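Encoded as structure tokens, the structure appears first; notes follow it.
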Amino acid sequence: MIDHFSICVTNFNESLAWYRAALEPLGYEVKSDADYGVRVAGLGEVKAQHGELYLIEAKEKGACDPRPHFCFKASSEEKVRAFYAAAIAAGGTDNGAPGYREEHDYFAAFVYDPDGYNVEAAYYGAE
């Protein structure tokens, strides 16, 4: 069901070290660490191709929305499009129309729910 989620952290290096250490016994490792103007690191199962938990650097307290971001797995691009259409029709607000996300190598759509949570559906193709 859940493909990945993200949280904002105010001390990125400390948080990354903590999550790396805490999740290692469970079979998780750092899958990515990149700078998009803020650092973003993804941790996932050793066998996974991408992160399942993403840490997003908050440059200062209050600079990053404290609400988590959720991404749901989709089995096709058509399902991503259907998610987006249904979410908008149900009162959601656009935060990224369905399309290929080159920087992450997947097809996804983003919608804010009625409470402002950033909800995503993503399709990775044949993994």
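By convention here, the first residue in the shown sequence is residue 1. Computed from a prediction, not measured in an experiment: that's the story for all the values here.
- Within the structure, salt bridge (Lys or Arg N to Asp or Glu O under 4.0 Å) contacts touching residues 27-37 (residues at least two apart or in different chains) are Glu29-Lys31, Asp33-Arg39.
- Considering every non-hydrogen atom in both Ala108 and Val80, the closest pair reads C-CG1, 3.7 Å.
- In plain terms, the two heavy atoms of Ala41 and Phe12 that are nearest each other are CB-CZ, 3.6 Å.
- Looking at residues two or more places apart in sequence or on another chain, you find a side-chain hydrogen bond (donor to acceptor under 3.5 Å, both in side chains) between Tyr106 and Glu120.
- Sorted by first then second residue, the ring-ring contact (aromatic ring centres under 6.0 Å, His included) pairs that include residues 76-95, not counting sequence neighbours, number zero.
- Tyr100 pairs by the side-chain hydrogen bond (donor to acceptor under 3.5 Å, both in side chains) definition with Asp105, not counting sequence neighbours.
- With rounding to the nearest 0.5 Å, the separation of CD1 in Ile2 from NZ in Lys73 is 9.0 Å.
- Put simply, the side chain of Val30 reaches to within 4.5 Å of the side chain of Leu43, judged on heavy atoms.
- For Arg101, the salt bridge (Lys or Arg N to Asp or Glu O under 4.0 Å) criterion is met by no residue, not counting sequence neighbours.
- Here CG of Asn118 is found 5.5 Å from OH of Tyr112. Values are rounded to the nearest 0.5 Å.
- Side-chain atoms of Phe5 and Leu53, non-hydrogen and from C-beta on, do get closer than 4.5 Å to each other.
- Minimum heavy-atom separation, Ala21 to Pro25: O-CD, 3.2 Å.
- For His69, the ring-ring contact (aromatic ring centres under 6.0 Å, His included) criterion is met by His4, not counting sequence neighbours.
- By the side chain to side chain contact (heavy atoms under 4.5 Å, CB included) test, Ala34 is found to be paired with Tyr36, residues two or more places apart in sequence or in another chain being considered.
- Listed by chain and number, the residues in a side-chain hydrogen bond (donor to acceptor under 3.5 Å, both in side chains) with Ser32 amount to none (sequence neighbours excluded).
- Take Lys79 and apply the salt bridge (Lys or Arg N to Asp or Glu O under 4.0 Å) test, not counting sequence neighbours, and it matches no residue.
- Judged as a salt bridge (Lys or Arg N to Asp or Glu O under 4.0 Å), and not counting sequence neighbours, Glu45 has no contacts.
- Within 6.0 Å of atom CD in Glu103, more than 12 heavy atoms from other residues, nucleotides or ligands are found, so the atom counts as buried in its surroundings.
- When all heavy atoms of Ala121 and Cys71 are compared, the closest pair comes out as C-SG, 4.3 Å.
- In this structure, the separation between CG on Leu55 and OG on Ser15 is 6.5 Å, given to the nearest 0.5 Å.
- Under the rule for a side chain to side chain contact (heavy atoms under 4.5 Å, CB included), the partners of Tyr117 that lie at least two apart in sequence or sit in another chain are Arg67, Pro68, Phe70, Asp113, Asp115, Val119.
- Taking the salt bridge (Lys or Arg N to Asp or Glu O under 4.0 Å) definition, one finds that Glu77 meets it with Arg81, sequence neighbours left out.
- Taking the side chain as every heavy atom from C-beta outward, Leu16 and Val9 never approach each other to under 4.5 Å.
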